[in-house]
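Structure first, commentary second.
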Amino acid sequence: MSSAHSASSVITIEGLDKSYGGPKQGSLHYIIKDVDLVVKGGEFFVLLGPSGCGKSTLLNMIAGFVSKTAGQLRVGNVEVDKPGRDRAVVFQQADSSLFPWLTVLQNVEFGLKMKKTPKEERRRISDRFIRMVGLSGHENKFPRELSGGMKQRVQLARVLANDPAILLMDEPFGALDAMTRRTMQKELSQIWRETNKTVIFVTHDIQEAILLGERIAVMSAGPNSRITDIYDVPMDYPRDATAPEFQALQRRIQSHFEAALEGGAYP
Amino acid sequence: MSSAHSASSVITIEGLDKSYGGPKQGSLHYIIKDVDLVVKGGEFFVLLGPSGCGKSTLLNMIAGFVSKTAGQLRVGNVEVDKPGRDRAVVFQQADSSLFPWLTVLQNVEFGLKMKKTPKEERRRISDRFIRMVGLSGHENKFPRELSGGMKQRVQLARVLANDPAILLMDEPFGALDAMTRRTMQKELSQIWRETNKTVIFVTHDIQEAILLGERIAVMSAGPNSRITDIYDVPMDYPRDATAPEFQALQRRIQSHFEAALEGGAYP
Amino acid sequence: TGCGSKNDDSAAASTKPADPIQLKIADISTNPVFRVAKTKGIFEKYGIDAEIVTFATPAEGINSLFIKQVDIAWGADFPILNAVSKGDYSIIAATGTDTDQSAAQWKLYAQDDIQQASDLKGKKLSTLRGTFLPYLWDEYLKASGVSAADTEQIGQGGFDEAYIALKKGEIDATWVVGAALIEKFDGIEGAHELTDMSKTTVRIGGDVIATNDFIQKEPEGVANFLRALDEASKFVSANPDETADILFKETKQPKDATIRDLATNNWNIGFSQASFDSLSKQKAYMLSAGIIKDDFDLTAKLNLDSLKQAVPDRVDYGQ
Amino acid sequence: MKLSTKSSAYKPRAAKWFPIVLLWLLVLAVWQVGAWIYGPEVVPGVAETWRGAKELMEDGSLAKDIGVSFYRVLVGWSLGSLIAIPVGLIIGRVSPIRAIAEPFLNFIRFIPPIAFITLFLVWFGIGEQSKIALILYATLFIVMMNTLTGVLALEEDKVRSARSMGASEWQILLHVVIPATTPYMFTGIRIAMGTSYMAIIGAEMMAANEGVGFLIWNSRLFFRTDWIFVGLISLGLMGFITDRAVGWLGHKLLRRYGVVISSGARR
Amino acid sequence: MKLSTKSSAYKPRAAKWFPIVLLWLLVLAVWQVGAWIYGPEVVPGVAETWRGAKELMEDGSLAKDIGVSFYRVLVGWSLGSLIAIPVGLIIGRVSPIRAIAEPFLNFIRFIPPIAFITLFLVWFGIGEQSKIALILYATLFIVMMNTLTGVLALEEDKVRSARSMGASEWQILLHVVIPATTPYMFTGIRIAMGTSYMAIIGAEMMAANEGVGFLIWNSRLFFRTDWIFVGLISLGLMGFITDRAVGWLGHKLLRRYGVVISSGARR
Ligand SMILES: Nc1ncnc2c1ncn2[C@@H]1O[C@H](COP(=O)(O)OP(=O)(O)OP(=O)(O)O)[C@@H](O)[C@H]1O
Ligand SMILES: Nc1ncnc2c1ncn2[C@@H]1O[C@H](COP(=O)(O)OP(=O)(O)OP(=O)(O)O)[C@@H](O)[C@H]1O
Ligand SMILES: [Mg+2]
Ligand SMILES: [Mg+2]
């Protein structure tokens with residue numbers, strides 16, 4: 001577990017509020033209220049919470065896509081107010097975020113091209129990350145010719161090629177089938193250990209959270225959602241989901257949620 | 001585990017072939033070749049196999065949606081040649097199979113209405129199955145107002161209301177998130193035990209297969225796909241995925257697949 | 001006014017200026033005069049570089065004067081009066097088509113149950129929008145002792161509409177002109193030719209109209225233009241076959257139709273008292289019908305100086 | 001160039017209307033300047049046009065013309081839609097008919113309605129019928145092609161599920177195909193409404209004594225440009241208002257079928 | 001009524017062409033019967049029309065008319081599209097401009113091109129320009145509205161991911177907005193091609209000496225219904241052929257942007 005703490009990739013959040021109504025309306029309806037959080041540089045941090053609690057909203061604020069209503073949000077020492085090359089985002093829906101008119105290679109090269117990186121270097125970097133995510137040989141395919149898992153690999157390679165300090169991932173495996181999902185989890189974990197990025201990973205799958213995260217933050221259901229608990233996961237990578245301590249933690253978090261949900265859907 | 005073997009819900013398949021080319025073309029490309037299978041009445045039968053091997057094709061042939069190229073396919077003593085009220089299908093994509101212009105109640109009542117069941121009886125039956133799948137209180141919502149899991153419950157209630165002998169389910173939980181998926185699996189298992197239907201359940205999630213199935217058939221990758229192995233699952237319901245025998249079987253099937261796949265995507 | 005070499009038709013070449021004057025003429029596809037003048041080099045001979053712009057109807061062509069797209073246009077009295085009532089245009093000649101012979105080309109077709117004018121009472125009569133036909137109906141019915149108010153007039157967009165409507169019995173009578181059309185109308189079962197316009201008091205004149213700007217700038221050019229028209233008309237009368245060929249080549253008008261229509265279609269440039277009377281009678285009608293809003297002095301809208309130069313013997317108005 | 005970021009920011013009502021009012025003032029100004037440049041015979045100014053409109057309104061002829069044209073559009077468009085929908089459904093559902101009809105439709109739809117004036121006069125006479133028939137024709141193919149597209153876009157899963165619930169072909173048409181195709185039909189109907197206003201100009205070129213198209217043609221002959229402008233503005237307003245009304249009605253009545261208010265991007 | 005089940009059944013070529021040939025024979029037969037009933041002055045028969053066409057072909061005037069109309073359509077349509085695309089992009093991307101422009105567009109697009117004849121004659125003279133301008137106008141709003149729709153349909157995820165990879169607003173426009181909007185632009189362009197053939201009839205009503213529109217109007221004067229038919233058929237064929245050609249070209253050149261050949265359901 002390499003965690004070279006680079007100061008510029010520390011995320012510091014203090015008293016963060018978010019309301020979509022806009023500050024002019026009378027009674028404010030807060031999605032997120034009073035969130036405090038510090039994510040260390042190089043850390044794999046998981047955000048776990050029920051649907052609609054505001055996980056994506058929080059992630060989008062860190063990404064700079066959505067403006068905060070109040071509070072502080074800094075990356076390194078800089079207050080976040082717009083998207084930046086230092087923070088890369090992997091979206092849940094590969095179909096809506098990849099560029100279908102570009103090949104795999106061209107998608108991966110996109111950021112470098114925008115930066116006007118010379119052609120050979122662009123090619124070299126892209127090749128490296130395409131290899132890293134296991135897509136060698138598929139460079140000239142178009143996204144529509146790929147399976148869901150392969151598309152998420154393209155997204156991963158695409159953001160890695162820009163060498164961001166922070167990876168923001170919003171349920172990146174949520175749309176994959178179970179088998180593909182498991183493979184992708186393994187690979188992401190390995191890539192993270194190789195590349196030493198800070199990762200914030202949003203999910204609502206407890207097993208996935210424990211497989212991947214160094215720390216797991218649990219958010220309460222909205223409105224006025226907050227981070228209620230942070231679990232440390234003191235297990236070595238790669239983790240074994242059948243290990244007793246894994247299962248113990250899984251049950252602990254599960255019961256945390258089941259307590260929160262008053263009465264499931266099926267009697 | 002109730003398995004009142006009703007002769008009319010036995011599915012008998014002998015030497016079944018399927019090719020999409022049509023019998024007139026020279027060289028035939030078979031999707032499915034030489035499948036033999038007997039599914040007992042009241043059995044929960046799982047079809048497991050890699051993507052594209054022909055699971056859906058086989059299921060659609062049983063449903064009567066797709067014609068066979070050669071061989072025999074009987075339900076009870078009747079050769080299947082068209083869809084029938086005795087075989088209900090739950091599709092993977094609830095969005096493409098539910099009727100978005102009808103409420104939950106109207107969707108569930110659809111089959112009864114087609115059969116011209118009197119209004120009160122229709123209402124009584126629908127209520128029962130809506131309750132069974134845990135959607136009481138949501139009767140008057142439209143599909144677009146429901147979550148993915150709730151939509152699959154509607155599909156389930158909709159087919160159950162027609163009282164078919166056989167349920168054909170094509171990766172019904174494939175598009176759900178992990179948490180919802182687990183809940184739905186539990187519920188389906190319980191409904192099956194209550195209603196005593198024959199179920200053929202297609203998936204490529206091994207854990208799901210073991211959680212649900214009495215027998216699990218594994219198909220080889222296409223073309224000329226066949227059923228290569230059938231695993232018995234001699235465990236009581238409800239099953240515990242953390243039980244050692246569960247995990248042993250899971251590992252066994254997993255290694256079966258890993259052997260079949262020559263070299264995964266990621267080195 | 002103006003120029004030394006005049007009064008000599010045969011010496012046309014001597015009137016030819018060094019620089020040809022540019023001229024845009026609004027025309028329709030069935031009129032032979034301009035096209036013959038152009039294709040036979042008559043315009044060129046008189047130092048005129050003419051461009052003929054084809055419009056669907058003379059009225060459309062006259063309208064293009066308003067938007068300053070042509071210098072010269074022609075048409076029947078009706079649209080011409082509408083034009084001069086509105087802007088700085090002058091009538092420079094009449095086409096000399098207000099003869100009995102050409103009036104006879106306008107035929108009135110009616111259903112067989114209509115045997116005399118008085119039978120038209122309570123019937124449906126076709127008129128073409130924007131033409132003199134309402135006026136013709138008015139005069140014709142008045143002369144026969146029928147009030148126009150006792151009939152129903154249906155405004156139509158073209159003669160083909162009238163043909164179909166008459167054939168189907170949806171209208172009871174319509175005026176028609178042109179050999180090609182008359183042949184078709186003759187073929188309608190259950191309808192017959194009731195009369196023609198020569199038996200009414202109405203003669204329709206045509207007039208050539210130009211912008212005042214152009215007349216002031218090129219008085220000699222206008223005269224030469226009129227000379228060219230006169231020569232073209234003479235050529236047309238002398239060579240009907242060749243004229244028909246030219247028209248077929250240029251506008252696809254069937255040859256036999258051209259030849260039969262020459263009586264009405266060919267011109268005899270001039271301006272007579274009859275031309276003036278026809279104009280003033282129609283003006284009175286248009287004023288009373290509200291088509292022309294403000295009365296104006298018709299004589300002020302005539303500019304016949306060039307015409308007097310070109311064909312002095314055929315201007316008998318005001319003498 | 002400041003680009004929008006599609007934020008759903010709150011905006012007070014006044015701020016929303018201000019640019020629209022500004023635009024209209026600008027349009028009026030440009031118009032008036034045009035009038036000064038070209039002179040009132042060619043481009044009548046705002047005041048002239050208003051005087052012309054008043055003149056036409058005083059004797060009630062403008063109201064009558066608008067009423068007559070509106071009636072013709074409404075009848076032609078309704079009849080056209082009523083004919084086009086069943087024909088489109090049949091062409092879409094019955095493949096042999098589709099094979100025959102499609103190439104023919106694709107040929108004939110390029111022939112402008114105006115070209116059929118003579119033929120329609122023959123068939124329908126010089127009265128209302130031929131004008132209505134021309135509008136009907138202008139409507140027909142648009143609604144038909146859209147209905148056809150809708151039928152072809154219908155998900156097979158919907159048909160299959162209805163069939164396996166015992167619905168007859170007729171029931172499938174009535175209870176699945178028609179409701180699922182409704183948004184397409186509606187789009188077609190709305191686009192056709194726009195085209196009807198184009199066609200009324202052609203229709204009223206034929207034997208007409210009243211109507212906005214007649215007003216325009218007749219005013220052209222006498223070069224009453226102010227009346228032409230009054231006619232054009234009337235057409236624009238009639239089109240705009242009925243388009244909005246149809247959109248709103250569709251949204252109110254057909255919302256459950258997925259019809260949405262939009263500004264009708266296609267026409 | 002036997003309904004299709006959308007089976008991708010194999011069909012030999014002859015069987016595919018047979019119904020089409022049959023259809024055309026049927027159409028010719030109906031036409032000929034119509035000619036017998038109404039008489040050749042009203043509906044010229046197949047043979048008369050063919051004779052008329054031969055007459056027009058012999059002196060080359062039909063070829064010339066088709067060529068001239070085709071040239072006008074092509075120029076007006078190309079220019080219209082060239083202007084409409086950037087304007088549509090700007091309106092779509094810059095919200096203040098959109099707020100101003102949208103209501104105006106929605107008003108003016110109901111005013112038929114034919115209504116602008118006089119104005120265009122004033123502005124562009126009686127030569128080619130005014131005719132081309134009329135076609136341009138007929139094209140303009142369709143392409144503009146479709147481009148606008150495309151821009152508004154662009155997934156925010158694509159813009160966000162480009163932005164967080166460091167793309168400038170200009171780069172986003174060039175490398176994301178334009179390629180993503182291409183299928184919409186193309187649909188607009190293709191629909192507009194159809195509308196151009198409608199508008200050519202109006203354009204060639206104005207001071208024209210040649211062109212298919214002129215042929216039709218002029219033949220009306222001479223009562224040559226056979227030539228009118230030749231003109232109409234020429235228009236239909238020109239439209240059909242160019243529509244197919246544009247569709248095919250789009251498919252070949254723009255396939256990577258998601259442009260597909262279709263029979264162009266909307267117009
Ligand atoms: N643009 C917006 N305007 C107004 N409300 C919004 C907007 N985006 C999200 N919301 C609301 O904010 C809340 C949180 O949404 P968010 O997408 O952050 O939840 P989430 O935790 O990511 O849920 P999920 O697990 O379903 O992705 C929801 O109630 C949602 O309706
Ligand atoms: N209508 C069709 N025409 C031709 N080929 C088809 C058709 N439907 C399916 N196939 C082919 O048949 C094969 C099996 O498809 P099928 O959908 O049955 O696989 P599957 O096992 O259900 O896969 P998945 O797990 O992805 O759903 C695939 O190669 C597919 O391309
Ligand atoms: Mg989310
Ligand atoms: Mg499948």
Measure the spacing between OG1 of A:T198 and CD1 of A:I200 and express it to the nearest 0.5 Å. 8.0 Å
Considering residues at least two apart in sequence or located in another chain, which fulfil the salt bridge (charged side-chain N to carboxylate O under 4.0 Å, His left out) criterion with E:E128? E:R72
Which portion of A:F65 sits near chain E, non-hydrogen atoms under 4.5 angstrom: both
A:Q106 portion near chain E, given a 4.5 angstrom heavy-atom threshold: side chain
A:F110-A:F99 aromatic ring centre distance below 6.0 Å: yes
Report which part of A:R87 has an atom under 4.5 Å of a heavy atom belonging to chain E: side chain, backbone, both, or neither. backbone
Residue selection (most heavy-atom pairs with chain A, distance under 4.5 Å) from E:A180, E:P179, E:A167: E:P179
Quick one: pull up NZ in A:K151 and CD in A:Q93 and give me the separation to the nearest 0.5 Å. 9.5 Å
So among A:L146, A:I130, A:V133, which one has a side-chain contact (heavy atoms from CB on, under 4.5 Å) with A:V154? A:L146
Pair E:E155-E:K158, salt bridge (Lys or Arg N to Asp or Glu O under 4.0 Å): steps then yes or no: CA-CA 6 Å; E:E155 294 107 329; E:K158 286 197 175 52; 2.9 Å; yes
Residue part contacting chain E, namely of A:L102, when any heavy atom lies under 4.5 Å: both
Between A:P100, A:S96, A:A161, the one whose heavy-atom pairs under 4.5 Å with chain E are most numerous: A:S96
Is chain A contacted by the side chain of E:V159, its backbone, both, or neither, given a heavy-atom distance below 4.5 Å? neither
Can you sort out the partners of A:D86 under salt bridge (charged side-chain N to carboxylate O under 4.0 Å, His left out), two or more places apart, ordered by chain and number? none
Which of A:G111, A:S97, A:P164 touches chain E most, by non-hydrogen pairs under 4.5 Å: A:S97
Between A:R144, A:Q155, A:R158, which shows the greatest number of heavy-atom pairs under 4.5 Å with chain E? A:R158
